[in-house]
2 protein chains.
Amino acid sequence: MAVAYERIADQLRQSIRAGQLMPGDRLPAEAKLAEEFGRSVPTVRDALRVLRDEGLIEKQHGRGNFVRRPRTTTVRTNLRHQWEKNRARRSLEERARTGATERETGLDVDDLIFHAAYRETTADGDLAAAFGLPEGTPLLARFYRTRCAAESAPFSLVTSYLVRDLIAGNPALLDAANEPWPGGSQAQLSTVGIEVDRIEERVTARPPTPEEAEELELPPGTSVLVLRKTSIDTRDRIVDVSHVVLPGDRTEMLFTTPLERW
Amino acid sequence: MAVAYERIADQLRQSIRAGQLMPGDRLPAEAKLAEEFGRSVPTVRDALRVLRDEGLIEKQHGRGNFVRRPRTTTVRTNLRHQWEKNRARRSLEERARTGATERETGLDVDDLIFHAAYRETTADGDLAAAFGLPEGTPLLARFYRTRCAAESAPFSLVTSYLVRDLIAGNPALLDAANEPWPGGSQAQLSTVGIEVDRIEERVTARPPTPEEAEELELPPGTSVLVLRKTSIDTRDRIVDVSHVVLPGDRTEMLFTTPLERW
DNA sequence: GAGTGGTCTAGACCACTGT
DNA sequence: CAGTGGTCTAGACCACTCC
């Protein structure tokens, strides 16, 4: 702890936690801080980088360093799966009117911009293991981006894989032009006689790759939640494997686990 | 992209992704890299910091910079809650033999070191909101650390809050000396007639605070998973609010959601 | 144009690791 | 002891923001 930049970081962190520096406040200029602490500017910058990595401050080029405000978060709940399953069998008109994302964000269909792209591919080692199928099995990869019309960054980066042979019975499922499909994935699967029985979701966290940071417009010093979702049908087949990347500072995932009564 | 340190980072990232630099490999010395790229050492260090923040490399003082190996992860599943509930009513002997952590890690009771501390406190704004009770309500705060005997860092940092008045009927519940309680929290609550009906878990991700990084021995460039767990009893009372911090690079959370049949 | 952060240099000295 | 990364300096020039 004899290190200068850590001492500076500690003092500033203290000020922020104690509320002497409030969210949105600008910190003194780096040159100013260097003078106050009797250190060089690069040393002060080392201290500020520590705070930025902790998510406490935000650097704005040409404007200054600011105490970061807590982000407003989107909640994603696992109750959505049952809701989607119920919706999958409603009338076309009812399904078209709203989707799971609209429901969770409280936004209207018109406020959301939806983008989908499909590509045919084959299972590599990881995907083959996830599906429990041999490598090289033909798959359909689907890429989704949904964002608020008012914002430029999407909520999430979604890649969904389906087993081609399982859905080939309905050629409409192979064409991205049919997106957004009214009723979502479970409605799509229902057209080829697949009923989803349960969904397993695996969650981890890590720093974003540069590509993810770019696409989700993540400031440095944020993490991503990585969700790997597996859908299993009533015949115990793995019918969908999805990979979802969510901004950690904007997303809260809510899982409700009901327990059997004594 | 005209920036020198980004170009250096890109080239090294490329080498790692392409497999020219394998996990565990040592990178050339910083001075060596500076010479190769025709830049100063601090500029090379800027590039290496980028890669460290992405979790791609690990710096080891006096030894070198190394390509990081993927960590072996612990899986934490929501099926544990039903398992714990079932176990809560088994015989004392059966409950004492094993716990949820042992079950998930596949380790023996003797391989795990358990630490608990209790403190009486009152609800601040956040906790009061979480419990749906007035501020100042007396609470019991319980702090848990569990770690592998072979390792020095705990799996998780757990803080659990109970409403004091709900558990006061059994004074044994107020004394940390009775930990580890055979059968866990649900067994404890059952002694005062509380049956947990459902559990809600909220998950977010963020960079660790310095204190968390220290205690969990997190290398720079890792994230933590933050789990806020709420236990609701059969009379719709919130009986426990827990705050769990998990190392993002070592932990996978698995949630299974069963769906009703059509 | 004044003020701010972003990048970069060239070199110093310290602390840690392994032989 | 040699080699490595960790810290720090003093100053230069560029890029961005706002008036």
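As the structure is a computational prediction, the values presented were derived from the model and not from experiment. We name chains A, B, ... by the order of the sequence lines, and we start the count at 1 in each one.
Note: CZ (F66(A)) to P (dG5(C)) measures 8 Å, nearest angstrom. Straight-line distance from the CD atom of Q60(B) to the P atom of dG6(D): 10 Å, rounded to whole Å. For K59(A) and dT17(D), the NZ to C1' distance is 16 Å, given to the nearest whole Å.
Contacts between residues 27-43 of chain B and DNA chain C, defined by a heavy-atom separation below 4.0 Å, involve R39(B), S40(B), P42(B), T43(B), listed by number.
Using a cutoff of 4.0 Å between basic side-chain nitrogens and carboxylate oxygens, E217(B) and R147(B) are not scored as salt-bridged. The pair E211(B)-R13(A) does not meet the salt-bridge criterion, since no charged nitrogen lies less than 4.0 angstrom from a carboxylate oxygen.
The nucleotide whose nearest atom lies closest to any side-chain atom of V3(A) is, among dG6(D), dT7(D), dT4(D), dT7(D).
Applying the 4.0 Å criterion to OP1 and OP2 of dT4(C), one finds that N65(A) has every side-chain N and O outside that range. At dT7(D), one or more side-chain N or O atoms of Y5(A) fall inside 4.0 Å of OP1 or OP2 (strictly under the cut-off).
Each of R45(B) and R63(A) lies near DNA chain D, and the nucleotide nearest R45(B) is the one positioned closer to the 5' end.
The side chain to side chain contact (heavy atoms under 4.5 Å, CB included) search around D126(B) returns D124(B), not counting sequence neighbours.
Annotation: the span from L21(A) atom CG to F66(A) atom CZ amounts to 12.0 Å, rounded to 0.5 Å.
In this structure, the side chains of D46(B) and I8(B) stay at 4.5 Å or more apart for every pair of heavy atoms.
Using a 3.5 Å distance cut-off with no hydrogens or angles, the side chains of R142(B) and S185(B) do pair a donor with an acceptor.
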